[in-house]
Amino acid sequence: MTWRPEDGPVAVTGARGLVPGRWRTGRAARLAGAGLVVVLACLATFVLWSLAATSQLEQRVELTSTVADGYQQVRTGAATEAAMEREYRLEPGPQSRAYFAAAADQLQAGLDQVQRRGNAQDRMTVAQLTAAHEGYRLAVAGMFAAVDRGDAPAAVRLAVREVAPWAVALRDQVWDVAESHRAESLRDLAAMRHLQRLSEQLTPVVFLGGLIMLILFTMVLRGYRGTLQRQQAQALHDARHDALTGLPNRFLLVDRCDQALRQGRRQGTVSGLLLLDLDRFKEVNDALGQACGDALLVQVGTRLTECIREMDTVARLGADEYAVLMPAVGSLPAALSAASRLRQAIELPFRLGDVDVDVEVSVGVAVSDSSMTDAATLLQQADSAMYAAKQQHLGVAPYSVDDESSSPQRLAMLGELRRGMSRGELVLHYQPKVSLSTGEVSGVEALVRWQHPERGLLPPDDFIPLAERTGLIGPLTDYVLDAAFAQARLWIDVGRPMTIAVNVSGRNLLDEHLLDQVRAALDQHGVPASRLVLEVTETAIIAEPRRTLDLLTRLSGLGVRLSIDDFGAGYTSLAQLSTLPVTELKIDRSFVSAMTEHRSQAMIVHSLIELGHNLGLTMVAEGVGTAAVMAALRAYGCDVAQGYYLTRPLPIGAFDDWCATWSGLDSLGDRRLDRRLSDHAATVVQQRRGTPGRLPRPLAG
Ligand code: C2E
Ligand code: MG
Ligand code: MG
């Protein structure tokens with residue numbers, strides 16, 4: 001890769017770059033899912049509607065045709081009765097009487113059918129027809145009696161005067177209703193046929209349309225699934241690779257180491273692990289800028305990759321730290337010769353823009369043996385070897401138990417520290433931060449110690465560096481956050497809420513999980529984020545400015561306050577300082593403790609306080625060991641003091657006792673100090689007014 005200054009910083013593509021696309025695809029998939037539901041709902045509604053409409057119409061047709069049939073029967077019955085009644089009058093005989101009776105029954109059956117299935121109107125009509133039929137039958141019975149007596153004139157008279165009017169009335173009534181019901185029945189039948197035709201025509205159209213929509217939506221959903229799978233694969237790749245160089249990260253390296261060790265145990269082969277640390281990387285970053293530094297890191301990765309076998313893995317572990325895993329390398333000499341080859345390759349100049357840059361590298365080499373079961377040991381050994389190479393300027397150094405006497409101890413200690421953490425042997429001591437303007441305790445710093453079962457109380461310097469150089473710093477920070485928040489919760493519960501500061505290591509800032517760790521611990525203990533200050537050292541920020549800035553911004557977004565610890569000891573650029581989301585600077589104690597002895601140190605402290613205030617930051621002085629230092633800091637306008645002069649870090653019981661007796665700066669019992677302090681402050685103000693920028697002379701103890 002050729003990097004030119006005008007190319008700007010190397011682009012880092014991470015999972016977040018996919019977010020807008022993912023959002024769009026997610027929306028399309030949600031729309032497709034909703035579309036699928038709508039199409040299925042429409043199809044179901046259509047089927048239900050068609051079934052319901054057809055069945056309703058069928059019932060209606062059946063009813064109207066039954067009622068129409070009934071009326072038809074009544075009509076036929078009435079017509080037959082009239083014919084038989086005439087026939088009996090002209091030619092009396094039992095057959096005509098029998099036919100007449102049968103016709104009357106038929107008429108009655110028709111009326112019964114209408115009465116059963118018809119509506120209220122029909123039932124009224126039936127009542128009228130029944131009355132008319134009754135009248136007709138009585139008249140006919142009288143006429144039949146006259147015929148049977150042989151009284152023809154009486155029969156004719158009755159037929160004309162009584163039977164005929166009833167017959168006409170009955171016939172007219174029956175005719176009208178029978179006709180109208182027949183017409184209604186025919187109309188319903190026609191409507192049903194129409195509906196059937198309509199549903200025959202619509203069904204294929206609707207189902208075809210539905211099928212097309214289903215295919216379309218299914219295609220969209222399948223496309224989304226494919227995108228999701230690709231995004232998952234990308235996220236998995238991102239989690240296991242370094243964002244800048246694209247090389248495997250520590251996580252993937254450990255995985256591959258474990259595989260190589262397993263394979264080695266099965267096949268009796270020896271694997272090698274090379275740990276490479278660039279020697280002059282910081283100089284490149286400082287001299288040529290961060291973009292060049294990034295480009296160099298990418299080029300180193302590429303060069304290493306070009307010099308290895310296909311089965312080997314190059315990983316980037318941290319700022320300028322790389323590892324090369326060589327499965328089945330054969331022997332330590334083979335691994336050493338590979339290390340020398342890689343070192344020579346790295347020590348050839350790199351072209352950065354117009355400049356050729358030489359970097360040196362220290363390489364630690366470790367090889368596996370048949371008893372080795374976990375990658376952490378191999379990594380630890382390569383790490384020890386690399387430190388030996390660096391400290392003794394060896395270039396390449398193999399891991400050796402004899403040469404590096406501290407390693408076995410360190411390994412043993414690592415195991416002990418792990419066990420100590422699981423047994424709760426790490427304890428927090430608390431050191432107050434006191435406001436120099438009000439004298440109130442403005443917060444407290446939690447400092448970890450190890451209550452070792454044999455070696456007593458160990459200070460953090462004895463085990464934090466070890467935890468930092470292995471993966472143990474993550475769980476350790478988790479432990480400290482948990483303990484500190486549990487204490488912060490207790491203070492809230494007793495009505496004395498306290499802002500608590502927790503130290504985080506540079507390694508923690510390279511671990512994305514820190515954000516989740518902090519968020520989870522805050523949630524678990526119900527402590528407001530504003531009660532937490534995370535103290536970060538300058539060096540941690542310098543090592544990986546881009547990644548740390550990102551993480552710090554997100555932490556600050558949670559509401560957590562950030563403080564730069566040991567400020568002044570590192571090389572944070574002013575430009576960088578103004579972009580960091582920090583609220584507090586803690587001046588390194590090396591300046592503070594020496595400020596009353598060395599005027600230059602006092603000048604530095606004073607300038608740092610002014611600088612911090614100009615950037616709107618709270619200035620904390622750590623390592624305040626004497627009344628004189630305290631007085632000078634007040635005079636310089638420092639906001640907060642922390643140090644042995646107030647109290648050493650104390651275990652929780654003693655700390656609470658200290659707080660109970662603390663009643664402001666007066667309780668230090670140095671009233672003389674206060675008087676001298678005000679004299680001194682007056683001098684400072686005078687001096688500032690008279691000769692701007694001149695530094696007041698701090699008070700002597
Ligand atoms: P630090 O964060 O700068 O903490 C202040 C250190 O200065 C503490 O040392 C404290 O005891 C010491 N100190 C305070 N006042 C004075 C004073 O007046 N004079 C002198 N000479 N020293 C004073 P300690 O507790 O030994 O901690 C050392 C360092 O260990 C801390 O420096 C911090 O960087 C690290 N550390 C402590 N606890 C943790 C932790 O939980 N996690 C991590 N990652 N680092 C921690
Ligand atoms: Mg600190
Ligand atoms: Mg400090």
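Nothing here was measured: the structure is a model prediction, and the numbers come from that model. Atoms within each ligand, like the ligands themselves, are counted from 1 in listed order.
Taking 4.5 Å as the limit, some side-chain heavy atom of D277 sits within range of a side-chain heavy atom of D320. Within the 4.5 Å cutoff, side-chain heavy atoms of D255 are placed close to those of R240. Between L522 and V560 the shortest side-chain heavy-atom distance falls below 4.5 Å. Side-chain contact check for I464 versus P459: every heavy-atom pair is 4.5 Å or farther apart. For the pair E584/D639, no side-chain contact is recorded, criterion being any heavy-atom separation below 4.5 Å from C-beta on. Side chains of L562 and L580 form no contact here, defined as non-hydrogen atoms less than 4.5 Å apart.
In this structure, R519 does not pair ionically with D523, as no charged nitrogen and carboxylate oxygen lie closer than 4.0 Å.
Heavy atoms of I464 found under 4.0 angstrom from ligand 1 belong exclusively to the side chain. Under 4.0 Å from ligand 1, not a single heavy atom of H429 appears. By the criterion of a heavy-atom distance under 4.0 Å, the side chain of R449, and not its backbone, is placed next to ligand 1. Residue contacts with ligand 1, taken as heavy atom pairs separated by less than 4.0 Å, involve L447 via backbone and side-chain atoms alike. For E445, every heavy-atom contact with ligand 1 shorter than 4.0 Å involves the side chain, none the backbone. Using a 4.0 Å cut-off between heavy atoms, V448 contacts ligand 1 through both its backbone and its side chain.
Between the Mg ion (ligand 2) and the N, O or S atoms of D565, the shortest distance is to OD2. Looking only at N/O/S atoms, D566 comes nearest to the Mg ion (ligand 3) through OD1.
For atom 18 (O) of ligand 1, the nearest protein heavy atom (residue, atom name, distance) is Y644 N, 2.8 Å. The single protein non-hydrogen atom nearest to atom 45 (N) of ligand 1 is N503 CB, 3.6 Å, given as residue, atom name and distance. The single protein non-hydrogen atom nearest to atom 29 (C) of ligand 1 is D461 OD1, 4.0 Å, given as residue, atom name and distance. Counting only heavy atoms of the protein, atom 28 (C) of ligand 1 lies nearest to P460 CG, 3.7 Å. For atom 9 (O) of ligand 1, the closest heavy atom belonging to the protein is R589 NH1, 4.4 Å.
Atom numbering of ligand 1 starts at 1 in the shown order; those under 4.0 Å from a heavy atom of S505 are 44 (N). Those atoms of ligand 1 with a heavy atom of V624 less than 4.0 angstrom away are 18 (O). If you number the atoms of ligand 1 from 1 as listed, the ones under 4.0 Å from a heavy atom of E622 come out as 3 (O). Residue contact check: P649 has heavy atoms under 4.0 Å from atoms 11 (O) of ligand 1. Every atom of ligand 1 is numbered from 1 in the order shown, and the set under 4.0 Å from a heavy atom of Q431 is 10 (C), 14 (C), 15 (N). Set against the non-hydrogen atoms of G643, the atoms of ligand 1 under 4.0 Å away are 15 (N), 18 (O).
By the 30° and 60° cut-offs, the orientation of the rings of F655 relative to Y430 is tilted.
Between atom CE of residue M619 and atom SG of residue C638 there is a gap of 6.5 Å, rounded to the nearest 0.5 Å. If you take CG on D478 and CG on D516, they are separated by 10.5 Å, rounding to the nearest 0.5 Å. Interatomic distance, Q524 CD to L481 CG, rounded to the nearest 0.5 Å: 11.0 Å. With rounding to the nearest 0.5 Å, the separation of OG1 in T499 from CZ in R561 is 5.0 Å. How far CD of E445 is from CG of L428: 11.0 Å, rounded to the nearest 0.5 Å.
Among L426, D588, L646, D565, the residue whose heavy atom lies nearest to atom 2 (O) of ligand 1 is D565.
By the 3.5 Å distance cut-off applied to N or O atoms, D566 is counted among the residues near ligand 1. At a 3.5 angstrom cut-off on N or O pairs, Q642 does not count as close to ligand 1.
Under 2.8 Å from the Mg ion (ligand 3) lies no N/O/S atom of D588, from backbone or side chain alike. Residue contacts to the Mg ion (ligand 2): E445 brings an N, O or S atom closer than 2.8 Å. For a distance bound of 2.8 Å, the N, O or S atoms of E535 include one lying that close to the Mg ion (ligand 2). Residue contact annotation: N503 places an N/O/S atom under 2.8 Å from the Mg ion (ligand 2).
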- request: Start with the C-alpha gap between R316 and T245, add the side-chain angles, then the distance that decides, and say whether side chain to side chain donor-acceptor pair (under 3.5 Å) holds.
  value: CA-CA 8 Å; R316 180 171 174 235; T245 57; 5.0 Å; no

- prompt: E622 and D566: side-chain contact (heavy atoms from CB on, under 4.5 Å), yes or no, with the steps?
  reply: CA-CA 8 Å; E622 58 178 23; D566 305 340; 2.7 Å; yes

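Counting protein heavy atoms under 4.0 angstrom from atom 22 (N) of ligand 1 gives one or more.
Dense packing is recorded around CZ of R496, with more than 12 heavy atoms of other residues, nucleotides or ligands lying under 6.0 Å away.
The shortest heavy-atom distance from E468 to ligand 1 is not under 4.0 Å.
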